[in-house]
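We name chains A, B, ... by the order of the sequence lines, and we start the count at 1 in each one. Small disclaimer: the values here were computed from a predicted structure and weren't measured.
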Amino acid sequence: MDAIGSVMNVTRKEKVNLQPIQENQLDDNQNLSESDSKAGENSGLMNRMRLNDNKAGMDGLDKEKINQVILEASKGSRFYENERKKEQQMNKRIEEQKIKLQQITESQLKQGIIEADKLLDEFENTRDLSKTIVHIDMDAFYAAVEMKDNPALKDKPMAVGGNSMLSTSNYHARKYGVRAAMPGFIGKKLCPELVIVPTHFDRYTEISKQVREVLAEYDPNFSPMSLDEAYLDMTEHFEKRFHLSEYERTVVCRKTDGCSKTECNCDLNLKLKPLLLYHELSRHNSSPSTNTAVKTDHSSEKLSTTTCPLCGKPYPDYHLVTFGMSPDDSVNEMRAKIEQKTGLTASAGIAPNTMLAKVCSDKNKPNGQYRILPDRDTVMEFITDLPTRKISGIGKVSETMLNALGVYTCKDLYEQRALLYHLYSPISFNYFMRICLGIGSTFVER
DNA sequence: TACATACAC
DNA sequence: TATGGTGTATGTA
Ligand SMILES: Nc1ccn([C@H]2C[C@H](O)[C@@H](COP(=O)(O)OP(=O)(O)OP(=O)(O)O)O2)c(=O)n1
Ligand SMILES: [Mg+2]
Ligand SMILES: [Mg+2]
């Protein structure tokens with residue numbers, strides 16, 4: 001068992017977490033066979049130090065080359081030796097898992113299936129598809145704030161942190177393999193032009209607060225998981241949404257990026273939007289027919305006031321976007337509001353539970369969203385071929401341990417349920433079974 | 001309880 | 001030259 005810390009995200013409660021059911025806790029003095037056990041064909045870098053590309057913006061990289069650079073920069077360091085020790089611990093656990101595996105008998109397997117199916121049945125009966133859960137997560141958050149505060153960084157690969165540790169990187173830098181939790185000096189080796197800027201926590205907190213003000217409009221009980229992400233239960237919002245006027249579903253969007261030197265960079269929805277009411281929008285028309293976003297171009301020339309009362313500068317070109325009634329529309333609207341208010345983009349996932357919503361929010365990142373419709377077939381189709389590593393709570397170690405059992409995707413969790421039943425703790429087993437059914441928490445609590 | 005490990009951000 | 005800081009959770013002794 002492995003996969004501790006598991007569930008974390010899936011909302012308070014309902015954490016799972018696997019842990020080795022192991023006999024000896026530490027018992028140092030391994031047989032450190034100098035041979036790095038299995039580095040495999042993989043560039044010779046141990047598993048736990050390889051580039052973690054389980055992140056948006058890291059598709060199609062030359063992983064081999066990147067791992068080569070990491071190895072080059074790390075070889076022989078204290079850190080490297082320590083990681084190697086941990087790697088061996090993990091390999092030892094896999095060996096022990098294998099031994100345990102061989103001791104499982106046919107009849108035990110049969111029993112395992114029976115027990116597993118009993119549990120699966122129970123979970124299936126409590127499946128709840130009635131809630132609409134949203135997970136929203138800012139794109140390259142710290143980096144995006146820094147780029148907003150210093151637009152010169154916008155078209156450069158950059159990261160936030162220092163020479164010894166990076167908190168995150170922008171998407172441009174990710175193309176080079178530069179990512180969060182990587183030392184800055186390795187980032188520089190992967191991308192010599194990389195610009196590293198120091199952190200400004202106060203700014204991140206400030207912007208986070210602005211984002212949360214928007215989230216609260218859709219679910220006052222939303223649950224923040226960090227400065228840059230949160231879960232929302234939007235079920236109630238959708239019920240109320242039909243009563244909203246077109247005005248209330250309209251967002252004033254600037255055409256440029258809000259970094260103008262001469263024009264107003266304030267949120268146009270603050271002062272400008274109310275003025276537009278008399279020109280373009282009628283408060284009382286709530287035609288429920290608008291299913292998708294309607295866009296209209298505008299310039300501020302028609303208005304009596306063309307300068308912003310907040311900053312005194314002229315308003316920029318803008319357009320109005322009126323959003324429809326569907327969950328997708330609402331979430332698009334929420335993301336548009338965030339973007340207008342903060343100048344930063346967010347991505348979102350919409351699904352019947354937190355576990356799925358979390359996976360979805362990564363799917364069309366950056367600046368995108370994805371929805372899983374609330375019916376069982378759609379959920380199962382989404383989950384079947386999904387690599388277990390995509391699920392929040394299954395990290396590198398858990399993934400490796402599962403791989404050793406032939407489990408790579410969520411449907412593999414189902415197919416190997418008999419094994420998992422015998423090899424993992426009840427808590428971990430429950431966790432796995434819920435995952436392979438696409439079931440997760442439907443509670444979002446403050 | 002204290003400690004080790006896993007995971008997320 | 002150099003590989004973070006914080007919080008949550010599980011399992012074992
Ligand atoms: N190991 C990590 C991971 C993240 N962060 C910080 C910096 C990130 O900007 C912020 C949010 O984390 P995310 O995982 O959401 O990453 P990003 O928002 O940077 O990128 P993405 O677009 O993938 O969400 O938390 C950190 O300090 N250390
Ligand atoms: Mg983010
Ligand atoms: Mg995040």
Task: C/dG4 and B/dC7, which share atom name C1', separated by this distance in whole Å - done: 15 Å

Give one of base, sugar-phosphate or nothing for [X], where a contact means two heavy atoms less than 4.0 Å apart.
| X | result |
| --- | --- |
| A/Ser77 | base |
| A/Ala73 | nothing |
| A/Lys396 | sugar-phosphate |
| A/Asn82 | nothing |
| A/Ile70 | nothing |

Open item on the list: On the nucleotide C/dG4, are OP1 or OP2 found under 4.0 Å from the side-chain N or O atoms that A/Ser167 carries?
Closed with: no

Task: Distance test, side-chain N/O of A/Ser398 to OP1/OP2 of B/dA6, below 4.0 Å - done: no

Task: Atom-pair distance (CZ on A/Phe185; C1' on C/dA2), nearest Å - done: 5 Å

Task: Assigned partner base of B/dC7, Watson-Crick or wobble definition, under 3.5 Å - done: C/dG7

- [ ] If C/dT12 has a Watson-Crick or G-U wobble mate with both distances under 3.5 Å, name it; if not, just say none.
- [x] B/dA2

Task: Validation row: A/Lys255, A/His319 side chains within 4.5 angstrom (heavy atoms) - done: yes

Selected nucleotide, minimal atom distance to [X] side chain, candidates [options]:
| X | options | value |
| --- | --- | --- |
| A/Ser428 | B/dC9, C/dG11, C/dT3 | C/dG11 |
| A/Ala181 | C/dT3, B/dA8, C/dG4 | C/dG4 |
| A/Met165 | B/dT5, C/dT3, B/dC9 | C/dT3 |
| A/Ser74 | C/dG11, B/dA8, C/dT3 | C/dT3 |
| A/Arg389 | B/dA8, B/dC7, C/dT3 | B/dA8 |
| A/Ile427 | B/dT5, C/dG11, B/dA8 | C/dG11 |

TODO: Apply side-chain hydrogen bond (donor to acceptor under 3.5 Å, both in side chains) to A/Ser347 and A/Asp139, showing your working.
DONE: CA-CA 7 Å; A/Ser347 299; A/Asp139 302 326; 2.8 Å; yes

Open item on the list: Whether A/Lys131 engages the ring of A/Phe443 as a cation-pi pair (distance to the six-membered ring centre under 6.0 angstrom, angle to the ring normal within 45°) should be assessed.
Closed with: yes

Open item on the list: Could you tell me if A/Arg241 sits above the aromatic ring of A/Phe238, with its cationic atom closer than 6.0 Å to the ring centre and no more than 45 degrees from the axis?
Closed with: no

- [ ] Begin from the C-alpha positions of A/Lys341 and A/Val251 and carry the test side-chain contact (heavy atoms from CB on, under 4.5 Å) through to its verdict.
- [x] CA-CA 11 Å; A/Lys341 188 163 186 160; A/Val251 180; over 6 Å; no

